[in-house]
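What follows is a single structure, written as structure tokens, with notes after it.
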Amino acid sequence: MQMVMIFVSSHLIYAILKPLGITLFASQIIAGLILGPPIMGKLNAFRNIFHRRELGVEMIDAASVVGFTLFIFLTGVKMDVKMAFNSTKKSVVIGIISLLSPIVVGIVLHKTFNEHKRMNVVIKTERIVGTLIESTTSFSVIACVLAELKIINSELGRLALSSASVGDLSTLFLVHIISLSQDWATSPLLALQRVLVAFLFITVLFFVFRPMMFWIIKKTPEGEPIEEPIEEVYIVAILMVAIGCAIFTHWTQQAPLIGAFLFGLAVPDGPPLGSTLINKFECFINGIFLAVYITTSAMRVNPRKMMSNPTRVKFSVISFFLTFLAKFISCFIASFVSFMPFRDSLAFGLIMSSKGVVELAFFSTFRDNWVISEATFSVAVFAILVNATVIPLLVRFLYDPVSRKYAGYKRRNLMHLKPNVELRVLACIHWPENVSAMIDLLDLTCPIKESPNAIYALHLIELMGRDSPEFIAHHKHETNTTVGGSFEDILAFYQYEQNNWGLVTVNVFTAISPPKLMHEDICTMALDKQTSFIILPFHRKWSVNGSVEAESNVVRNVTCSVLDRAPCSVGILIDRDGRRKPMKSLSYSVGILFLGGKDDREALTLAKRMARDPRVKLTVIRLIAYQDRRDVLDWDTIMDIEILKDVKQNNGVLSNGCDMMYVEQVSDSGSQTAKIIRSVADDYDLIIVGRRYGVESI
């Protein structure tokens, strides 16, 4: 009953506040404040549900803590440790500065407010702990904020994730150093014992458990999930080991979350193992247990305790504000001096200063252990709420990469391309099956010395089992790749370049990003490389017998998003593999259905370029509606007549090496048009059609 009420209330509040830009995390805190003692807790009915021991308050607390431990484990699974160690100098500097600057400000503030030389040890510890928590830069929190803002695969998002990973590992190292120094002051022998235990624990994780998990991956057929029933055995075993690691670190007087997090780091991220763990548990853990943990933590806020202890509240407010300011200013300056635009630097500083569930968990844990007072905890929750509410709104206002990228940009297309200039094409690949058809199509574009082709091949991979998107630029002579399954595809494009040496240049990239943001990678590359043509694979795959073998909604959505936002012309390649000729066939029959309009003129421009190839025989089929045969001319019709002029003149005659034929078909109904199209569908190796007729698009 308690969990149901928490779930319903938090999502109801989120539904109300979402149009205002309020995040789900902030809505869950607000739900906790409303359900807590100050508001709904005053009603007897609510008090009987949430605040009576016999109804299982301890049980729901225990369940939420276990759920949060598993959340931290999954955070470790999704975090790419190599990102921290392979970070650029800028990321390392920002990550370390974002941690140290608030600590320095906190120390100065602590000295300033140290009115009594013999300050209570409890208060001193509370202030130190509060400063350390406020200084942290949590990778999972930053990733959640970036995902919420839909900028996780932007340049700013990648820098923030890289810096956050450095900051997260630096925080872990700093906490261990502080803990070790305290143990050393108490007992050097105890400190050495704990160092030895920690070293053995990490060694077992990364040199015993991690190789075992790679063995599991090795047993899994490539491109397939772990097979039943082994899958369940391994997945459950890994989950039990994660809980066991948390219990072990708790037994060694360390935070249990550290054990779960370290084991998560040891799990290989991405598919098949990391993605399987995420797919099986993330929805349940984040949707239920994490929501319960956040809401019940916020329900512990006690405004009365805040009023009864104004000194602690005053210091806490000043401390939280100044440490936030220190982190924000340091990250802003570090990014601005690295030649990041002013508004982007402001947005970056705000993102790196974000607080979320990890900081809330730290405050809640220390409150339960009586390290910090209820007054300080209440101030901390309100500070996190303000942070989680305001920062996303400010970042949305400051950072809008989409509108800025397209500002002043003129849409490129094939029609307005000068005759003897380089044709730049962005060829997108989703599956290995797309490669052969894509190369065949590119080969038909007839590159010549006066007008060569520059091909940018982009392999799109769905981000699974990790938080960090990747963008990889491949080198021509590399003998391996970190992206499984894409090496053969890369070699195929480079082989195409070798076969057309001097006429074609190929650059291959791999983008690993969330499905909802894949179109951003495509459009950004098209803008950066100034391409005139984007080729996308169709979302269906056909078997040899002509039946639909697979259909991907992800690919369909990406295609629709690219069509809406592309900075140049877009073509969708529909490949029926059983009907395709070999790449080096002696002849190709290409047909184009021409109704008129911008899209059809663009399609005809591409077809004319293909017709320069001696192997290509081009047939232009102009479909004319019966009622359009009257002599009414508008600008579109004049443009159509102009672009068809040379096709009509060369009809059936070899001119400049081009073999073209012009045919007109009159139709008086939609059914007759469909009949005409069906009658010619099997006559050509490639059919080109415009997307729309009578609509402003290319």
Side-chain angles (χ1 to χ4, degrees), residues 9-34 94 98 102 134 136-161 163-164 167 286 290-291 294-295 297-298 301 317 320-333 335-336 340-360 363 379-407 467 514 516-517 520:
S9 59
S10 61
H11 279 76
L12 180 62
I13 292 171
Y14 179 57
I16 296 171
L17 299 179
K18 186 179 179 180
L20 302 177
I22 307 301
T23 62
L24 176 60
F25 171 70
S27 302
Q28 290 167 342
I29 293 181
I30 294 171
L33 296 175
I34 293 173
I94 293 173
S98 69
E134 284 295 308
T136 57
T137 304
S138 172
F139 178 86
S140 61
V141 171
I142 302 298
C144 288
V145 171
L146 293 171
E148 186 93 27
L149 296 171
K150 297 181 180 178
I151 56 173
I152 196 168
N153 64 337
S154 65
E155 184 180 353
L156 186 144
R158 295 178 199 275
L159 178 61
L161 285 176
S163 302
N286 289 9
L290 191 62
I294 294 169
T295 307
S297 296
V301 170
V317 171
F320 294 152
F321 177 73
L322 290 182
T323 50
F324 166 80
L325 212 58
K327 184 184 285 285
F328 167 70
I329 292 174
S330 62
C331 292
F332 164 73
I333 293 175
S335 57
F336 188 65
M340 186 181 285
F342 179 76
R343 288 172 67 94
D344 291 8
S345 299
L346 288 175
F348 179 77
L350 289 169
I351 289 171
M352 292 298 292
S353 306
S354 299
K355 300 299 173 190
V357 63
V358 174
E359 290 78 14
L360 178 64
F363 279 114
V379 174
V381 173
F382 280 114
I384 291 172
L385 175 60
V386 172
N387 183 296
T389 302
V390 174
I391 283 182
L393 298 176
L394 291 177
V395 173
R396 283 192 181 98
F397 172 74
L398 291 169
Y399 187 70
D400 185 7
V402 175
S403 60
R404 185 175 59 202
K405 278 190 294 189
Y406 290 93
D467 271 332
K516 292 182 180 179
L517 299 177
E520 293 289 349

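Thr23 and Pro392 get closest at one heavy-atom pair: CG2-CG, 3.8 Å. The shortest non-hydrogen separation linking Arg396 to Gly21 is NH1-O, 3.3 Å. Summarising the geometry of Met352 relative to Ala164, their closest heavy-atom pair is CE-N, 4.1 Å, with the distance given to 0.1 Å. For the pair Ser354 and Ile391, the tightest heavy-atom approach, listed with the atom from each and the gap, is OG-CG2, 3.6 Å. A pairwise comparison of heavy atoms in Ile152 and Pro514 identifies CG2-CG, 3.9 Å as the closest pair. Closest of all the heavy-atom pairs between Leu146 and Gly157 is CD1-O, 3.5 Å.
In this structure the side chain of Leu350 never reaches within 4.5 angstrom of the side chain of Phe332, judged on heavy atoms. Side-chain contact between Gln28 and Leu24 is present, with heavy atoms from C-beta onward closer than 4.5 Å. Side-chain atoms of Leu17 and Leu20, non-hydrogen and from C-beta on, do get closer than 4.5 Å to each other. You'll find the side chain of Cys331 reaches within 4.5 Å of the side chain of Ser98, heavy atoms only.
A donor-acceptor pair under 3.5 Å links the side-chain atoms of Glu359 to the main chain of Gly356, judged by distance alone. Lys355 contributes a side-chain N or O that, together with a main-chain N or O of Glu134, makes up a donor-acceptor pair within less than 3.5 Å.
Here the CG-CD1 distance, from Leu149 to Ile351, works out to 6.0 Å after rounding to the nearest 0.5 Å. Here the CG atom belonging to Leu346 is positioned 10.5 Å from the CZ atom belonging to Phe397, to the nearest 0.5 angstrom. Atoms CD1 and NZ, from Ile94 and Lys327 in turn, are 12.0 Å apart once rounded to the nearest 0.5 Å. Residue Arg158 holds its CZ atom at 5.5 Å from CG of Asn153, rounded to the nearest 0.5 Å. Separation of atoms CG (Asp400) and CZ (Arg343) is listed at 9.0 Å; rounding is to 0.5 Å. To the nearest 0.5 Å, atom OG of residue Ser353 and atom CZ of residue Phe328 are 7.0 Å apart.
Between His11 and Tyr14, the ring planes are perpendicular. Angles over 60° get that label, and only those under 30° would be called parallel.
In this structure, Phe320 has its ring center closer than 6.0 angstrom to the ring center of Phe363.
Under 3.5 Å, the side chains of Ser138 and Ser140 contain a donor-acceptor pair of N or O atoms.
Each of Ile29, Leu290, Asn286 was checked for a side chain to side chain contact (heavy atoms under 4.5 Å, CB included) with Val357, and the lone residue meeting it is Leu290.
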